Amino acid sequence: MRGEPLLDVSRLTVEYVTERGAVLACNEVSFTLRRGEILGLAGESGSGKSSLITALTRLQRLPALTTGGEIRYHTRDGHLLDLVTLDERRLRPLRWTELAIVLQSAMAAFNPVMRLKAQFADVIVEHQPGITGDEVAERTGRLLRMVGIAPERAHSYPHELSGGMRQRALIALALACEPELVVMDEPTTAVDVVMQRQIMAQILRLQRRLGFAVVFVTHDLSLLMEIADRIAIMYAGRIVEIGAPQQLYTDPLHPYTRGLRDAFPPLHAPLTKLAGIPGSPPDLRDPPPGCAFHPRCAQRLPECEQVLPRLHQVLPQHGERQVACLLHDSIDPGGEAS
Ligand SMILES: Nc1ncnc2c1ncn2[C@@H]1O[C@H](COP(=O)(O)OP(=O)(O)OP(=O)(O)O)[C@@H](O)[C@H]1O
């Protein structure tokens, strides 16, 4: 049912093991994603967004390693699985049917020497072995039509399609087995601005119709403001604030969220440094003690240099929101300020 938990991520830690030491790319990240929800991930380049989603989808490759935490996934049929420890044999049936991913570049995602129809067939047949050839063709045509592509295009090779069409075909493929969760990493960066808007409108229409949940990574904060139900702001491998877009925009609680909003990112370009905030993100091989943002924070308190603020629920007047900042009191389940 829409609104029930789909994914409970708890203290997820991802490290890159390098010769020069371990990079702590995700540092005890916790959040819950509900069924049918669109969660946006925002933050400067290097804040850990890609590391987080490759860990979530188990597409992580060395030197990245998940070194702690859990990703509890609630399957459609009521099972609870930890995606961190699930072996490949049990993970495989979940791919596409529960969990699909749309990456930045469809060119890289599709096999260049296979026609689209063969690539759709691979996915569909793997998860529905008894299906006939005619049914596969019919389903492929329906999926392509759903994203505004003529079914005859199934006979094309990926390079025969325009960039926008390829990206839409990739979205259609991701939806082929009606997944519960679609993870999208900058799904429209490779196409022009007009096409980006069209593709986004299409993703939203499909999401409303089919009800899948989305984790959406982009540098385009204005886009997230329009499409997301909630936005998680990441800084130096941690979620520093999470809440509804309107709240984050009108009443940002974390000084970093405020900086991000005020600097308003360049459209569709990686955000490497914020105009409104002096300094740069820390080296994640050796992050500063206490709050990692404190060296750049105009509102820092002396204790911010030592105390690591945990992500906590704030007073109800700020809405359903969590922030990791010592400037904001937490409430315990009884509603007491601490
Ligand atoms: N292969 C790698 N080896 C070592 N460190 C890495 C590797 N890939 C990423 N990192 C480091 O991990 C940290 C998080 O990077 P990540 O790519 O997850 O951030 P991001 O927010 O997705 O950035 P972007 O928006 O640029 O994609 C950064 O400090 C980055 O330098």
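Both ligands and their constituent atoms are indexed starting at 1 by order of listing. Note that the coordinates shown come from a computational prediction; the quantities given were computed from them, not determined experimentally.
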>> Under a 3.5 Å cutoff, is there a donor and acceptor pairing between the side chains of T75 and D77?
In response: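 Distance-only check passes for T75 and D77.
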
>> Contact between ligand 1 and M234 is defined here as a heavy atom of the residue under 4.0 Å from a ligand atom; is it met?
In response: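 For ligand 1, residue contact (heavy atoms, under 4.0 Å) with M234 is absent.
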
Can you list the atoms of ligand 1 that are under 4.0 Å from a heavy atom of [X]?
| X | value |
| --- | --- |
| S51 | 14 (C), 15 (O), 16 (P), 18 (O) |
| V23 | 5 (N), 11 (C), 12 (O), 29 (O) |
| S45 | 23 (O), 24 (P), 25 (O), 26 (O) |
| T18 | 4 (C) |
| S47 | 19 (O), 20 (P), 21 (O) |
| E44 | 21 (O) |
| L284 | 13 (C), 29 (O) |
| A25 | 12 (O), 13 (C), 14 (C) |

> Is the backbone N or O of F216 less than 3.5 Å from a side-chain atom of K49, with the two atoms forming a donor-acceptor pair by type?
Replying inline: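 No, the answer is negative, given that no donor and acceptor are paired below the 3.5 Å cut-off.
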
>> Donor-acceptor pair, distance only, cut-off 3.5 Å: does the side chain of R261 make one with the backbone of Y249?
In response: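 A pair under 3.5 Å: yes.
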
>> Does atom CZ (R285) have a neighbourhood of more than 12 heavy atoms from anything else shown, all under 6.0 Å?
In response: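 Yes, the 6.0 Å shell around CZ holds more than 12 heavy atoms from other groups.
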
> Between R92 and E126, does at least one N-O distance fall below 4.0 Å, as a salt bridge requires?
Replying inline: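 The answer is yes: the pair qualifies as a salt bridge.
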
>> Between R34 and D229, does any side-chain N to carboxylate O distance fall below 4.0 Å?
In response: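 Here R34 does not pair with D229 in a salt bridge, since their nearest N and O are not under 4.0 Å apart.
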
> Which residue, R296, H254, E44, E241, forms the side chain to side chain donor-acceptor pair (under 3.5 Å) with Y235?
Replying inline: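 Exactly one pass, corresponding to R296.
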
> Which is closest to atom 19 (O) of ligand 1 in terms of heavy atoms, G43, G48, A22?
Replying inline: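 The residue whose heavy atom sits nearest atom 19 (O) of ligand 1 is G48.
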
>> I want to confirm something. Looking only at heavy atoms, which of E15, K49, E186, R285 is nearest to atom 25 (O) of ligand 1?
In response: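 Residue with the shortest heavy-atom distance to the ligand atom: K49.
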
>> Using the side-chain contact (heavy atoms from CB on, under 4.5 Å) criterion, which residues pair with Q299? Sequence neighbours excluded.
In response: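 Residues passing side-chain contact (heavy atoms from CB on, under 4.5 Å) with Q299: P255, R258, C297, L327.
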
